[in-house]
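To keep things clear, I will list the structure first and then write my remarks on it.
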Amino acid sequence: MIEKYSIRTDLALEDKERFESDNVEVQGVSLSEDYDEEREIKVTTVKIETENGAKVMRKPVGTYITMEAPNMAVPDEDYHAEISKELAKFLSRFIRKDKEDYSILVAGLGNRKVTPDALGPYVVDNLNITRHIVKEYGKYAMGEENVRLVSAIVPGVMAQTGMETVEIIKGIVRETKPDMMIAVDALAARSSKRLNRTIQISDTGINPGSGVGNHRNAITKDTVGIPVLAIGVPTVVDAATIVNDTMENLILALESSETLRGVGVVMQGYNAAEKYELVKELISPHLNGLFVTPKDIDETVKRISYTISEALNMLFSKGHAHNQEMGVI
């Protein structure tokens, strides 16, 4: 049954949890966890090391770092500043330190007119763009010896442009020749508790629209010719998973009820895959394909997009190396 178990999530962490819940060990996939009690930030690193692992996980070989911060949905500027520093620290692992005048293209993927999908465009709005300054006045105009040339694009979605996002990106890469690309996009989660509280970093690129079933061509090193680092935040959840979570709570309630305990025992006999498939059958066709987002998504997306852009600005700034030495990031 587990081979047919189609769970709607962009988070590698949740794919790994899916197998752990069924006591299935995935060969070629490793997981490590770190928890910062003071800041309540849990960092999980999933490494897909073999093609077998990639096939089972349905994700490319590579590293997936997930930061979970329950308070990220709260409008606390100091806390979000801490998240930005932590995010910059992890992003720096993927940036080359040995190259002068390192050029980075940031792509804000998504649709600015659809709030849960506007994360990428909002991040670009708050970036410090420097490529044009360096090209016009030289690197010393930035006041530093080694500069990072930052350029950015908000390519829109296919319905707006008539073009695949990867086609636009390939043209830009060919003309501007950046050393690497960072793609920022909204994701879909399996668990509602991770909405707007989780940031995933991966070095495998990204499939725009895959979270809501709109499978567009992948943006990866193979398709655009340069390394692609992806940053994503889950902003929507599949309606079927909400019903599934509710059913889990119902089973627990039935187990504690003397009169309905028998029903709970029967339901408990279903494995995770069977329960999810049952839920999909129950809500089809009216709710199947429906995606849900929190009611305060407008403010939340703006706040989180600023947190991500601040992390990127730290990463690209002249003080980044000094900050690393001082242990700030």
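Residue numbers start at 1 and run along the sequence shown.
With rounding to the nearest 0.5 angstrom, the CG atom of Asn196 is 4.0 Å from the CD1 atom of Ile297. To the nearest 0.5 Å, the span separating OG1 on Thr300 from NZ on Lys295 amounts to 11.0 Å. To the nearest 0.5 Å, atom OG1 of residue Thr220 and atom CD1 of residue Ile226 are 11.0 Å apart. Rounding to the nearest 0.5 Å gives a distance of 10.5 Å between CD of Gln200 and CD of Glu68. Distance OG1/Thr44 to CE/Met67: 11.0 Å, rounded to 0.5 Å. Between the CD1 atom of Ile104 and the CZ atom of Arg148 there is a distance of 6.0 Å, given to the nearest 0.5 Å.
Of the possible polar contacts, one joining the His80 side chain to the Val74 backbone as a donor-acceptor pair under 3.5 Å is found. Not a single donor-acceptor pair under 3.5 Å links the side chain of Ser309 to the backbone N or O of Leu127. The backbone N or O of Pro116 sits less than 3.5 Å from a side-chain atom of Thr235, completing a donor-acceptor pair. Of the possible donor and acceptor atoms, none in the side chain of Arg174 sits under 3.5 Å from a partner among the backbone N and O of Ile172. Under the 3.5 Å distance criterion, the side-chain polar atoms of Asn313 are matched with a main-chain donor or acceptor of Asn126. The main-chain N or O of Ile83 is never found under 3.5 Å from a side-chain atom of Arg39 such that the two would form a donor-acceptor pair. Between the side chain of Asp179 and the main chain of Ser103, a donor-acceptor pair closer than 3.5 Å is present.
Residues Tyr35 and Ile41 are members of separate hydrophobic clusters, defined by side-chain heavy-atom contacts under 4.5 angstrom among Ile, Leu, Val, Met, Phe, Trp and Tyr. Placement of Ile129 and Val123 within a single hydrophobic cluster is found when ILVMFWY residues are connected by side-chain heavy-atom separations under 4.5 Å, directly or transitively. Residue Val114 is not grouped with residue Leu119 when hydrophobic side chains (ILVMFWY) are merged at heavy-atom distances under 4.5 angstrom, including chains of intermediate members.
With contacts defined as side-chain heavy-atom distances shorter than 4.5 Å, the pair Tyr306/Val301 does not qualify. Between Leu195 and Thr293 the shortest side-chain heavy-atom distance does not fall below 4.5 Å. Looking only at side-chain heavy atoms (C-beta outward), Ile48 and Lys59 come within less than 4.5 Å of each other. The side-chain heavy atoms of Ser30 and Glu49, taken from C-beta on, include a pair separated by under 4.5 Å. For the pair Leu87/Lys89, no side-chain contact is recorded, criterion being any heavy-atom separation below 4.5 Å from C-beta on. In this structure, the side chains of Ile206 and Leu109 come closer than 4.5 Å at one or more pairs of heavy atoms.
Glu33 has a carboxylate O that lies under 4.0 Å from a charged side-chain N of Lys42, or vice versa, which qualifies the two as a salt bridge. By the 4.0 Å N-to-carboxylate-O rule, Lys85 lies too far from Glu310 to be salt-bridged with it. Comment: Lys170 does not engage Glu167 in a salt bridge, judged by the lack of any side-chain N to carboxylate O separation of less than 4.0 angstrom. The residues Asp125 and Lys302 are annotated as not salt-bridged, no charged nitrogen and carboxylate oxygen being separated by less than 4.0 angstrom.
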Candidate pair Ile231 and Ile308, rule side-chain contact (heavy atoms from CB on, under 4.5 Å), full reasoning:
CA-CA 9 Å; Ile231 304 172; Ile308 294 173; 4.3 Å; yes
With side-chain contact (heavy atoms from CB on, under 4.5 Å) as the criterion, how do Tyr64 and Ile201 come out once you've worked through the C-alpha distance, each side chain's angles and the decisive distance to 0.1 Å?
CA-CA 6 Å; Tyr64 301 80; Ile201 307 165; over 6 Å; no
Tell me, with the steps shown, if Val56 and Val29 meet side-chain contact (heavy atoms from CB on, under 4.5 Å).
CA-CA 9 Å; Val56 175; Val29 180; over 6 Å; no
Verdict with supporting geometry, Gln27 and Thr50, side chain to side chain donor-acceptor pair (under 3.5 Å)
CA-CA 8 Å; Gln27 295 296 322; Thr50 66; over 6 Å; no
Candidate pair Leu315 and Ser92, rule side-chain contact (heavy atoms from CB on, under 4.5 Å), full reasoning
CA-CA 7 Å; Leu315 187 69; Ser92 69; 3.7 Å; yes
Just do the salt bridge (Lys or Arg N to Asp or Glu O under 4.0 Å) check on Arg303 and Asp298 with the steps written out, would you?
CA-CA 9 Å; Arg303 186 165 55 247; Asp298 304 70; over 6 Å; no
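Closest approach of Leu229 and Ser202 over heavy atoms only: CD1-O, 3.3 Å. Among all heavy-atom pairs drawn from Ala107 and Ile169, the shortest one is CB-CD1, 4.0 Å. The two residues Ala188 and Pro234 have their closest heavy-atom pair at C-CB, 4.2 Å. Nearest heavy-atom pair across Pro70 and Arg197 is O-NE, 3.4 Å. The heavy-atom pair separating Ala54 from Pro60 by the smallest distance is CB-C, 4.2 Å. When all heavy atoms of Met72 and Thr198 are compared, the pair lying nearest together is CE-N, 3.3 Å.
Counted within 6.0 Å of CD on Glu51, heavy atoms from surrounding residues, nucleotides or ligands total 12 or fewer; the atom is thus considered open. Within 6.0 Å of CZ in Phe90 there are more than 12 heavy atoms belonging to other residues, nucleotides or ligands.
In summary, of the residues considered (Ile95, Asp203, Leu105, Val228), a side chain to side chain contact (heavy atoms under 4.5 Å, CB included) with Met180 occurs for Ile95 alone.
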Distance-only donor-acceptor pairs under 3.5 Å for side chains of residues 149-158, two or more places apart:
none

